[in-house]
Amino acid sequence: MIDLRVLRDAPELAREAQRRRGASPELVDQILAADEARRSAIAAFEELRAEQKALGKHVARAQGEDRQELLRRTRELATQVKRAETTQAAAAADVNSVLRQLPNLASPQAPAGGEDDYVVLEHVGSPRNFNAEGFEPLDHVELGKRLQAIDIERGAKVSGARFYYLTGVGALLELALIQLAIERAQAAGFTPMIPPALVKPRAMEGTGFLGQAAADVYHLPDDDLYLVGTSEVPLAAYHSDEILDASSLPRRYAAVSPCYRREAGSYGKDTRGIFRVHWFDKVEMFTYTTVEESYAEHERLLQWEKDWLTMLELPFRVIDTAAGDLGLSAVRKFDCEAWIPTQGKYRELTSTSNCTDFQARRLNIRSRFADGAKHVATLNGTLMATARTIVALLENHQQADGTVAVPEPLQPYLHGRKTLDPVE
RNA sequence: GGAGGUGUCGCCUAGCCCGGUUUAUGGCGCCCGCCUGCUAAGCGGGUUGAGGGUAAUCCCCUCUCGCGGGUUCAAAUCCCGCCACCUCCGCCA
């Protein structure tokens with residue numbers, strides 16, 4: 001949610017941000033008109049209410065005929081006050097409903113345009129040349145079968161398309177990755193968390209996932225609960241309606257949680273394997289800080305993501321996502337895309353967004369500073385999303401003899417195993 | 001799932017039975033000042049948040065006692081619904 005005062009003071013800034021996203025600048029003017037109506041409704045109500053309160057005090061003291069006369073006046077006033085209050089509440093709800101549709105103001109640094117208008121910031125490492133090594137790389141589905149690490153057929157049998165079982169060494173690999181990721185995060189100052197994966201509408205709405213992304217969210221109508229697509233949701237809502245001690249900022253949390261995504265609208269895409277699935281587990285970084293500090297924190301989150309992929313010896317590139325591809329809450333987003341040999345492409349493994357005070361405004365999260373209470377900034381970043389990380393690891397580290405090399409930092413978490421071996 | 005209890009401005013707390021001088025009391029903490037060899041103590045003042053009038057850190061007004069309704073001229077206070085927590089019972093990994 002954007003500060004109404006910002007919109008009033010600099011509407012052109014907001015219109016421009018909308019254009020960069022390829023979204024409607026007229027929405028800004030709709031909001032301003034609704035705000036105008038709201039303010040005049042408030043003024044009308046408050047004037048009547050003040051009069052009512054003043055007369056009410058006289059009633060308390062008045063006697064006899066004076067009292068009867070006053071009561072006649074106040075009774076009439078009461079119906080007027082009630083009506084004005086209803087009008088005012090409706091006007092406020094109007095503003096709220098249009099204001100909530102407005103996404104965060106895309107950063108001027110974010111490239112304008114849509115999904116394909118990203119800017120590549122850098123490459124780290126380089127893809128292996130399997131030809132030169134004299135063998136054809138297998139994809140993760142085949143590797144997963146040979147290692148008996150991934151069972152896709154039975155995933156589909158039990159739960160349907162885009163589900164899978166991690167089995168044997170595959171299950172151990174996920175646990176090892178989670179363990180390593182959490183330890184790295186803790187070393188970087190993050191508090192480890194295991195949050196609930198089911199949340200109330202407020203948390204979903206507050207993080208911006210019930211807007212354009214609503215179709216991708218699982219909902220349990222009997223209980224009016226949502227399955228989270230990322231632990232960003234319970235981590236952001238964690239401090240909702242709180243005033244955080246300024247000296248406690250930045251607060252950094254790293255959560256491990258399952259993530260559920262309907263993948264609506266991605267029907268033909270990535271149907272093979274476990275690259276795009278309805279459920280996966282993830283270690284997510286989340287920071288509460290000041291808006292001023294958020295830009296530097298965003299760079300730090302990106303750096304931790306890069307360090308992680310580098311540690312796993314995965315070749316990757318970093319892109320600066322275009323404004324039109326930002327989530328509702330974000331002003332800027334960086335993705336780390338790892339090289340997937342059998343796809344011959346870089347694919348998103350991690351993503352970090354700066355939401356400035358957009359989510360904090362919706363979730364009412366503030367901090368007290370010298371110049372008063374202000375909304376904090378929230379940022380999120382993937383540290384490790386299991387399914388995709390496993391895809392990248394298997395494919396990039398496979399060897400001619402059919403084994404998969406385990407990156408050294410991960411070995412202690414796999415009982416010292418240096419390779420994952422095919423099961424005969 | 002059932003019964004009972006609790007929910008007040010950072011924390012604790014008074015007020016609720018019996019609606020109106022409540023501008024929600026007091027303490028702790030915090031901030032400013034005074035006093036003071038230093039520290040502590042003491043003294044005085046300030047301290048919920050949001051919104052509107054305003055360009056405004058002055059001032060005025062409205063809202064805010066878990067949330068939402070209702071009754072009333074008037075609701076922290078009375079009534080209804082909901083939520084959370086606590087105690088007990090039931091069920092359960």
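A, B, ... follow the sequence lines: proteins, then strands. Residue 1 opens every chain.
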Checklist entry - Does Arg8(A) have a side-chain nitrogen or oxygen under 4.0 Å from the phosphate oxygens OP1 or OP2 of rU54(B)? => result no
Item to check | Pairs touching residues 83-104 of chain A that satisfy salt bridge (Lys or Arg N to Asp or Glu O under 4.0 Å), sequence neighbours left out | outcome: Arg100(A)-Glu205(A)
Next on the checklist: I want to check something: taking the side chain as every heavy atom from C-beta on, are Val217(A) and Met204(A) in contact at a cut-off of under 4.5 Å?
Outcome noted: yes
Checklist entry - Asp241(A) CG to rA84(B) P: how many Å, rounded? => result 15 Å
Checklist entry - Rounded to whole angstroms, how far apart are CD on Glu36(A) and C1' on rG53(B)? => result 13 Å
Checklist entry - Once you round it to whole Å, what is the distance between P of rG52(B) and CZ of Arg5(A)? => result 6 Å
Item to check | side chain to side chain donor-acceptor pair (under 3.5 Å), paired with Arg332(A), selected from Thr321(A), Asp320(A), Thr352(A) | outcome: Asp320(A)
Next on the checklist: Rounded to whole Å, please give me the gap between CD in Glu85(A) and C1' in rG51(B).
Outcome noted: 14 Å
Item to check | Nearest-Å distance once atom P is located in both rG15(B) and rG66(B) | outcome: 15 Å
Next on the checklist: Between His239(A) and Phe286(A), is the ring centroid distance below 6.0 Å?
Outcome noted: no
Next on the checklist: How many whole angstroms separate atom CG of Leu4(A) from atom P of rA50(B)?
Outcome noted: 15 Å
Next on the checklist: Show me the dot-bracket string of RNA chain B, counting Watson-Crick or G-U pairs under 3.5 Å, with | for pairs to another strand and [ ] for crossing ones.
Outcome noted: ((((((((.[[[..)....(.....]]]((((((.......)))))).(((((.....)))))..[[[[[..)....]]]]])))))))....
Item to check | Sugar-phosphate, base or nothing in reach of Arg73(A), heavy atoms under 4.0 Å | outcome: nothing
Checklist entry - Hey, does the side chain of Arg39(A) come within less than 4.0 Å of rG53(B)'s phosphate (OP1/OP2), counting only N and O? => result yes
Checklist entry - If you look only at pairs with a residue in residues 273-283 of chain A, which of them pass as a side chain to side chain donor-acceptor pair (under 3.5 Å), with sequence neighbours excluded? => result Tyr218(A)-His278(A), Thr230(A)-Lys282(A), Glu263(A)-Arg276(A), Asp270(A)-Arg276(A), Trp279(A)-Asp281(A), Lys282(A)-Glu284(A)
Checklist entry - Quantified in whole Å, what is the P atom distance between nucleotide rA14(B) and nucleotide rC91(B)? => result 38 Å
Item to check | Span that lies between the C1' atom of rC65(B) and that of rC12(B), in whole angstrom | outcome: 15 Å
Next on the checklist: Just checking Tyr165(A) against Phe163(A), ring centres under 6.0 Å apart?
Outcome noted: no
Next on the checklist: Output the rounded distance in Å from NZ (Lys57(A)) to P (rG20(B)).
Outcome noted: 13 Å
Checklist entry - Mind checking the P distance from rC83(B) to rA24(B)? Whole angstroms is fine. => result 31 Å
Item to check | Spacing of the C1' atoms in rG46(B) and rU36(B) (rounded, Å) | outcome: 22 Å
Checklist entry - Which residues pass the salt bridge (Lys or Arg N to Asp or Glu O under 4.0 Å) test with Asp151(A), sequence neighbours left out? => result Arg154(A)
Item to check | Separation of the C1' atoms in rU8(B) and rA76(B), to the nearest angstrom | outcome: 7 Å
Checklist outcome for this item: Rounded to the nearest 0.5 angstrom, the CG-CG distance for Asn354(A) and Leu301(A) is 9.0 Å
Next on the checklist: Base contacts versus sugar-phosphate-only contacts with protein, heavy atoms under 4.0 Å: please encode nucleotides 59-78 of chain B as B, S and - from 5' to 3'.
Outcome noted: --BBS-------S-BSS---
Checklist entry - Can you name the residues that form a side chain to side chain donor-acceptor pair (under 3.5 Å) with Gln303(A), not counting sequence neighbours? => result Asp307(A)
Checklist entry - Nearest-Å distance, CG (Leu244(A)) to P (rG10(B))? => result 14 Å
Item to check | Whole-angstrom distance between rC31(B) and rC18(B), as gauged at atom P | outcome: 45 Å
Next on the checklist: Is there a side-chain contact between Ile365(A) and Leu363(A) in this structure, where contact means two heavy atoms from C-beta onward sitting under 4.5 Å apart?
Outcome noted: yes
Item to check | Rounded distance in Å between the P positions of rC78(B) and rC16(B) | outcome: 9 Å
Checklist entry - Rounded to whole angstrom units, what separation is found between the CG atom of Asp9(A) and the C1' atom of rU54(B)? => result 13 Å
Checklist entry - Which part of the nucleic acid does Arg38(A) contact within heavy-atom distance under 4.0 Å: base, sugar-phosphate only, or nothing? => result sugar-phosphate
